Amino acid sequence: MMKARKSISILAATLAVVSMSAFVAPAASAADTGVVTSSRSFKGQQSRTSALLKESTSTSVDSDSSYGGIESLDVPQTKSQAEKDAEAAAAAAAAQAQAQAEAAARAQAQAQSASRSTDRTSQTGTTAGTSSSSSSSSSASSSSAATVTPVNGTSASAVISFAMQFVGNATYGGCNVSARQWDCSCFVQYVYSQVGVSLPRTSGAQATVGTAVASLDQAQPGDIIANSAHAGIYIGDGKVVNSLNSRVGTAVTPVNVAFTGGYSIRRVL
């Protein structure tokens, strides 16, 4: 038993010595000169640096890589001062060109206007001479057209023929027969006076003369149709010749247009 314990103690001691020897620092040797040198060396760093540079330059990125949307950010593009100056100069040149074009257009328009004005002036002089001769011709023509043929006979047809000469050839208002200016009752009075029939001046009074006719169906050309507001000479076919108003003067008008209310039909021939 004692021997076994002794063997174990020796073995443990041996292991301890071996373990301690593993941690002993590298031995240093000294020469007679007193300079101490170390036998340990360190691996060079140049190869490691080269490897790092190689890795940094050879790194590649897949085309479909995603970085959380940062690759699609709309980054504002800034311009240099030189670019801004160039754009401003181009805008100023364009504005100047437009102003020049507008000025040229205005000058051309003024020249055309002056030309037209000159043309109109020359044409006016020519037209004035032509108008003067035309007015003389028109006056003579109007006088010829305004000539009235005296009534021929005392029949109803003679009365109507005479009255129809004044359609569009007389002025409305008053009672100036020499100037062919009359109102409704003056016209009727004047026409009948030319065949020897004397009538009162007003339309209301004319509605009571002669013989009454019962209805328009029984009326004959030459009858007088009148009420307190208007008077006319019946020409047949439901129409009268009358001095209607200042707009149309003496005209042929349907009875239902000339008279808006009741009326009397009187026969004086």
Side-chain angles (χ1 to χ4, degrees), residues 130-269:
T130 304
S131 298
S132 178
S133 59
S134 297
S135 297
S136 299
S137 300
S138 298
S139 298
S141 177
S142 298
S143 299
S144 176
T147 301
V148 175
T149 303
V151 64
N152 183 16
T154 58
S155 63
S157 60
V159 170
I160 294 173
S161 296
F162 180 74
M164 291 295 290
Q165 296 181 89
F166 301 105
V167 173
N169 190 24
T171 304
Y172 178 85
C175 191
N176 186 352
V177 294
S178 62
R180 296 178 190 172
Q181 180 176 350
W182 43 56
D183 58 19
C184 59
S185 58
C186 180
F187 172 65
V188 173
Q189 182 188 48
Y190 169 67
V191 170
Y192 277 96
S193 69
Q194 301 304 298
V195 293
V197 177
S198 179
L199 295 176
R201 171 67 180 84
T202 63
S203 61
Q206 290 172 1
T208 63
V209 298
T211 304
V213 177
S215 66
L216 189 62
D217 293 337
Q218 299 177 20
Q220 297 178 1
D223 289 345
I224 296 172
I225 299 181
N227 60 19
S228 60
H230 191 58
I233 301 171
Y234 188 66
I235 62 173
D237 197 27
K239 298 176 182 178
V240 292
V241 58
N242 62 145
S243 182
L244 186 61
N245 54 42
S246 58
R247 183 173 58 86
V248 300
T250 302
V252 173
T253 312
V255 172
N256 60 356
V257 173
F259 299 89
T260 56
Y263 51 82
S264 175
I265 304 173
R266 314 301 294 188
R267 188 165 294 160
V268 293
L269 294 177

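It should be emphasised that the depicted structure is a prediction, and the values quoted were computed from it without experimental measurement.
In this structure a side-chain-to-backbone donor-acceptor pair under 3.5 Å is present from Asn245 to Arg247. Gln181 places no side-chain N or O within donor-acceptor distance of the main-chain N or O of Thr171, the cut-off being under 3.5 Å. Distance alone, capped at 3.5 Å, places no donor-acceptor pair between the Tyr192 side chain and the Gly196 backbone.
Closest non-hydrogen pair, Ser203 versus Ala226, comes out as O-CB, 3.6 Å. The two atoms that bring Val197 and Leu269 nearest to each other are CG2-CD2, 3.8 Å, heavy atoms only. The minimum heavy-atom distance between Tyr172 and Cys184, with the atom names listed, is CE1-N, 4.4 Å. Taking each heavy atom of Gly222 and Ile233 in turn, the nearest pair found is CA-CG2, 4.3 Å. Of all the heavy atoms in Val151 and Val159, the pair that sits closest is CG2-N, 4.5 Å. Across Ala156 and Pro221, no two heavy atoms sit closer than the pair CB-O, 3.3 Å.
Taken to the nearest 0.5 Å, the CD1 atom of Ile160 stands 7.0 Å off from the CD1 atom of Ile235. In this structure, OG1 on Thr250 lies 10.0 Å from CG on Asp183, to the nearest 0.5 angstrom. Atom OG of Ser243 sits about 13.5 Å away from atom CZ of Arg180, to the nearest 0.5 Å. Of the inter-residue distances, the one linking Thr208 atom OG1 with Arg266 atom CZ reads 6.5 Å to the nearest 0.5 angstrom. Once rounded to the nearest 0.5 Å, the distance linking OG of Ser264 with CD of Gln206 reads 11.0 Å. Atom CZ of Phe259 sits about 9.5 Å away from atom OG1 of Thr253, to the nearest 0.5 Å.
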_Evaluation steps, side-chain contact (heavy atoms from CB on, under 4.5 Å), between Gln194 and Val191_ = CA-CA 6 Å; Gln194 301 304 298; Val191 170; 5.8 Å; no

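In this pair, Phe162 and Tyr190 present their aromatic rings tilted. The plane angle is within the 30 to 60° band.
Put simply, the side chain of Ile225 does not reach to within 4.5 Å of the side chain of His230, judged on heavy atoms. Within the 4.5 Å cutoff, side-chain heavy atoms of Val209 are placed close to those of Pro200. At a threshold of 4.5 Å between non-hydrogen side-chain atoms, the residues Phe166 and Val241 do not count as touching. No side-chain heavy atom of Gln165 sits under 4.5 Å from any side-chain heavy atom of Thr147.
Residues Arg201 and Ser185 bring a donor and an acceptor atom of their side chains to less than 3.5 Å of each other.
Within a 6.0 Å radius of CG in Asn176, more than 12 heavy atoms belonging to other residues, nucleotides or ligands are found.
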